[in-house]
Amino acid sequence: MEKNEIVYEFKPFLRVYKDGRKERIFVRKSIPPSMEDPKTGVSSKDVIVTPENGVPSRIYLPKLTQQQEQLNKRFPLLLYFHGRGFCAESPSSPTYHNYVSSLVAEANVVAVSVGFRLVPEHHLPVAYDDSWGDIEWVLSHSTGHGSENWLNNYVDYNRVFMAGDSSGANISHNMAMRLARTHQEKQVLHGFQFSGVVLIHPYFWDVKPIGSEKKHMSKKILADGLWPIIYPASSGYDDPLINPCKDTNLSSLGCRRLLVFVAEEDLVRDRGWLYYETLRNSKWNGVVEIMESQGEDHVFHLLNPDSEKAVKMKELVVSFLNHQEHIPSRI
C-alpha cells in the first residue's frame with residue numbers, strides 16, 4: 001500500500017513513511033543496575049527524576065575503599081548524555097551502561113547517565129528539556145539535602161563535568177549554554193562549580209557543505225533530512241541548537257575547559273573542527289582542545305571499545321576529568 005512507502009530512512013535508527021508515520025528501527029536492550037559490578041566494582045541504580053515522563057536515569061558510584069569511607073571521600077561528578085540521533089538507546093543499554101561504568105571505574109567519579117524521552121514519540125525540544133530537568137535535580141543535591149544519598153554524600157560539587165557522544169554531545173553543549181543563561185539571568189541553580197565539557201563526535205550540522213562533506217554528498221543529503229524530522233518546530237539549520245557556530249552568544253558558554261573529539265572518517269568531523277575553531281577564536285574566556293582519531297569513523301570507541309584507539313580515547317577523557325592539562329591533537 002502507498003501509505004507504507006518509505007520516504008526517509010536514517011539507518012539504523014529511524015524510518016518515515018509517506019503517510020507521516022515515524023518508526024524507530026533500533027530496538028533497545030537493557031542491562032539492569034548492579035550494587036557492585038564484578039568486573040569494575042562500580043555500583044549503579046536507576047532513579048526516575050520526573051514522574052511525568054517516567055524515564056529512568058542511572059547513577060553510578062565508584063568502588064569505595066575503607067579509608068575513603070572513613071574520610072568521607074567526595075568525587076567529581078560526571079553528567080553523561082547518550083547519543084544515537086535522539087532516536088534510540090538509553091542509560092541502561094549495554095553500550096552506554098558498559099561505557100559509563102568503565103569511565104566511573106577508571107576516572108574515580110560519580111556519574112549520572114541521563115535518561116530522556118526519544119523521537120519519534122517525543123520530538124525535540126523534549127530531550128533538551130528532560131536533560132535540563134535532570135541537571136536541576138542533580139545539582140539540587142549540592143546542599144546535601146536531596147532525595148538521593150549517593151549524590152548528597154559522595155559528590156564534590158566544585159568538580160562537575162558534562163560529556164556525551166554524537167547527539168549526546170549536542171545536548172552537552174546546549175546544556176552548557178543553558179547553564180550560562182541561568183547565571184546571566186541571575187537564576188542561580190545551587191552552589192556548584194562547573195568544570196568542563198567533553199564532546200565526542202558532536203552532532204552539529206548545516207546544509208551548506210564544508211570540508212570533506214563535499215566528497216560524500218549522498219551521505220550529506222541523507223543527514224540534511226534528519227533535523228527537520230526530529231525537531232519539526234525548529235527554524236532550521238540556522239538554529240543554534242544544531243548549528244552553534246551561528247550562535248551570537250557562543251562566547252558565553254558556561255564552562256572554562258572543553259575537549260572535542262573528532263574522527264577522520266566521520267561525516268560530522270569538519271563540524272567538530274569548525275566548532276573548535278569558532279569557539280577558540282571567539283571571546284570565550286576558556287580553553288578548548290581537540291583530538292582527532294586517524295582512520296576512524298563515528299563513535300568507533302563505542303562499537304569497538306577494546307581497540308587501541310578507543311582505549312586511548314578513554315584514557316584522555318579520564319585525564320580531562322582528573323584535570324590533566326595536556327591532550328594530544330591526534331591518535
Side-chain angles (χ1 to χ4, degrees), residues 26 28-49 55-64 75-86 88-116 118 127 130-131 134-135 137-139 141 148 150-151 154-156 159-173 175 195-203 259 261 298-307 310-322:
F26 189 87
R28 289 183 289 169
K29 299 179 181 179
S30 64
I31 290 178
S34 170
M35 287 313 293
E36 186 168 324
D37 180 78
K39 183 177 179 181
T40 63
V42 170
S43 299
S44 57
K45 59 176 153 179
D46 289 342
V47 58
I48 295 178
V49 174
V55 180
S57 294
R58 183 161 290 185
I59 307 174
Y60 295 83
L61 186 69
K63 185 176 178 63
L64 300 172
F75 304 91
L77 173 66
L78 172 64
L79 291 151
Y80 193 89
F81 303 91
H82 70 79
R84 299 301 171 92
F86 299 98
E89 294 285 20
S90 73
S92 65
S93 73
T95 297
Y96 287 101
H97 174 79
N98 292 334
Y99 181 69
V100 175
S101 184
S102 68
L103 280 179
V104 168
E106 295 177 34
N108 223 24
V109 298
V110 174
V112 177
S113 186
V114 176
F116 46 85
L118 302 173
D130 286 354
S131 298
D134 263 39
I135 290 173
W137 177 78
V138 169
L139 296 181
H141 290 75
E148 176 47 59
W150 285 3
L151 298 178
Y154 297 111
V155 171
D156 177 358
R159 294 182 290 168
V160 179
F161 295 86
M162 288 194 293
D165 63 276
S166 192
S167 56
N170 175 294
I171 293 175
S172 298
H173 161 78
M175 293 304 99
S195 300
V197 179
V198 179
L199 305 182
I200 303 174
H201 309 164
Y203 169 50
L259 174 60
F261 288 95
H298 196 62
V299 298
F300 74 93
H301 67 295
L302 298 177
L303 305 176
N304 190 10
D306 296 323
S307 67
V311 170
K312 182 61 178 176
M313 260 186 70
K314 191 194 298 178
E315 290 174 356
L316 295 175
V317 174
V318 169
S319 295
F320 185 85
L321 297 177
N322 285 284

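Numbers for residues simply follow the sequence, beginning at 1.
Under the 30°/60° scheme for interplanar angles, the aromatic rings of H301 and Y99 are found to stand perpendicular.
The shortest side-chain heavy-atom distance between L302 and V299 falls under the 4.5 Å cut-off. Between I200 and M313, the closest side-chain pair of non-hydrogen atoms falls below 4.5 Å. Looking only at side-chain heavy atoms (C-beta outward), R58 and K45 stay at 4.5 Å or farther from each other. Residues V317 and L103 form a side-chain contact, since some pair of their non-hydrogen atoms from C-beta on lies under 4.5 Å apart. In this structure the side chain of P202 never reaches within 4.5 angstrom of the side chain of N170, judged on heavy atoms. Counting only heavy atoms from C-beta outward, the side chains of L77 and V112 approach each other to under 4.5 Å. H201 has its side chain within reach of F300: a pair of non-hydrogen atoms, C-beta onward, lies under 4.5 Å apart. At least one side-chain heavy atom of F116 sits less than 4.5 Å from a side-chain heavy atom of H82.
One finds the OG atom of S319 at 10.5 Å from the CD atom of E106 (value rounded to the nearest 0.5 Å). Atom OG of S43 sits about 7.5 Å away from atom CG of L64, to the nearest 0.5 Å. For the atom pair CD1 (I135) and CG (D130), the distance works out to 11.5 Å, reported to the nearest 0.5 Å. Rounded to the nearest 0.5 Å, atoms CZ (F320) and CZ (F261) are 9.0 Å apart. In this structure, the separation between NZ on K39 and CG on N98 is 7.0 Å, given to the nearest 0.5 Å. One distance of note links CD1 of I171 with CG of L199; it measures 11.5 Å at 0.5 Å rounding.
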Check against side chain to side chain contact (heavy atoms under 4.5 Å, CB included), Y80 and M162
CA-CA 6 Å; Y80 193 89; M162 288 194 293; over 6 Å; no

Check the pair L79, F161 against side chain to side chain contact (heavy atoms under 4.5 Å, CB included), reporting the backbone distance first and the verdict last.
CA-CA 6 Å; L79 291 151; F161 295 86; over 6 Å; no

side-chain hydrogen bond (donor to acceptor under 3.5 Å, both in side chains) evaluation trace for Y203 with H173
CA-CA 10 Å; Y203 169 50; H173 161 78; over 6 Å; no

Taking it one step at a time, do E36 and K63 satisfy side chain to side chain contact (heavy atoms under 4.5 Å, CB included)?
CA-CA 8 Å; E36 186 168 324; K63 185 176 178 63; 3.0 Å; yes

Trace of the side chain to side chain contact (heavy atoms under 4.5 Å, CB included) decision for V104 with V110
CA-CA 6 Å; V104 168; V110 174; over 6 Å; no

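Residues S113 and V100 come closest through the heavy atom pair OG-CG2, 4.2 Å. Residues N108 and P62 come closest through the heavy atom pair OD1-CB, 3.5 Å. In terms of heavy-atom proximity, P94 sits nearest to I31 at CA-CD1, 3.5 Å. Heavy atoms only, all atoms of each residue included: S167 and G85 are closest at OG-N, 3.1 Å. For the pair A310 and N304, the tightest heavy-atom approach, listed with the atom from each and the gap, is CB-O, 3.4 Å. Across every non-hydrogen atom of A163 and L78, the tightest pair is CB-CD1, 3.7 Å.
Cation-pi check for R159 over F75 is not met; the charged atom does not lie both under 6.0 angstrom from the ring centroid and within 45 degrees of its normal.
Under 3.5 Å, the side chains of T95 and S93 contain no donor-acceptor pair of N or O atoms. Side-chain contact annotation: S166 with H298, donor-acceptor N/O pair under 3.5 Å present. Side chains of T40 and D37: a donor on one and an acceptor on the other come within 3.5 Å.
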